[in-house]
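Order of appearance sets the numbers: ligands from 1, and atoms from 1 within every ligand. Quick caveat: nothing in here was measured; it's all calculated off a predicted structure.
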Amino acid sequence: MADAKRTKDKRRRAKQTQGEQTRGERSLIANIRQRTRSQAGNSALVLGIGDDCALLRPPKGEEIVVTTDFSLENVHFRRGWHPAESVGHRCLVRGLSDLAAMGARPQAAFLSIALPKELCGPWLDRFLDGFLALAEQYDVPLAGGDTAESPRCSKSNSARSESGLVVADVVLLGSVPRGQALLRSGARAGDIVYVTGALGGAAAELRALAERPAAFRKKDSAAHPHLYPQPRIAAGRKLVRSHLATAAIDLSDGLSTDLAHLCEESGLSAVIDAQAVPVHPGATLADALDGGEDYELLFTAGAKTAIPARLGGLGVHAIGRMADRGRRPPVAIRTSDGKTAPLEPQGWEHFRTKR
Ligand SMILES: [Mg+2]
């Protein structure tokens, strides 16, 4: 009898928990939907959150550009360091920056997020504050996604279980006039290499954040190149409209690594001038070369092409030149004494053996 009662109680509790979870997820989605009601009405999005799929109608004469990025707790952010608003902002900026690199206009964002139950309240609200503020700034509606509860991770040697991890996957769709997307593969030998803005600020701020996370808890009006970087959408679209660039890439992994990617895709090499690299105030040349996450644009243009001093409100700097591959290192750097040395890709790379 007692066994039957225990089983019945257990079933009732399981049913209750299931109900709570369902209600939890439903109210969570309802909350997200409510918050997205007033978002960008002039995008390609015809139907957003609420149906089985979103519906998009690409602008006439344009093609669709798609990018996806994982953001993993303890890899791309730390809960103890990054305010929740910054985590939301940074999840979205990565894809927006990829769209900027192709010269695309953002059209719709999709967010799939797994998180532990205890973060479903204020933490998630603040995450969405950061995500949706950036989405609004760049006129990109949140058009759908998925949510899941992240399970607790149990430590193998103890009964204690730890909070589950936050994992967010963001898919971004953009559009670009047909056949005009900026590619990594279009550079030609003799082209000049340009970058927008200043480099290394994100690495310098990350260092400061790691030392004193408490100093960064509140969002202020100062520029925060690591916590709240900006995608260079306007500069990318201007490059497409003006037909100035031969190739482009965004600086997400670091100049040394991203320029190597562009060289690889274009089948060329590049030499950059150390003195010409625009270093962010407070950063070092090493931060600028290898730091990553600056989300500035790197592009190439013919040596005779007149490039404006500013693009989309940003300073533009010529930092080097493309050359044939030959036996040269993919990327080399010329220092102030006139000597040239290979510049190894030292930026971010997953699955790489630690140096
Ligand atoms: Mg990229």
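Ring pair Phe127/Phe131 is parallel by interplanar angle, where below 30° counts as parallel and above 60° as perpendicular. Note on ring orientation: taking the six-membered ring where Trp is involved, the planes of His226 and His82 are tilted (angle from 30° to 60°).
A donor-acceptor contact under 3.5 angstrom links the side chains of Arg94 and Ser71, judged on distance only.
Of all protein N, O or S atoms, those under 2.8 Å from the Mg ion (ligand 1) number 2.
The stretch residues 305-328 participates, sequence neighbours left out, in no side-chain hydrogen bond (donor to acceptor under 3.5 Å, both in side chains) pair at all.
In this structure, the ring of Trp81 has its center no less than 6.0 angstrom from the ring center of Phe77.
In this structure, Glu264 does not pair ionically with Arg184, as no charged nitrogen and carboxylate oxygen lie closer than 4.0 Å.
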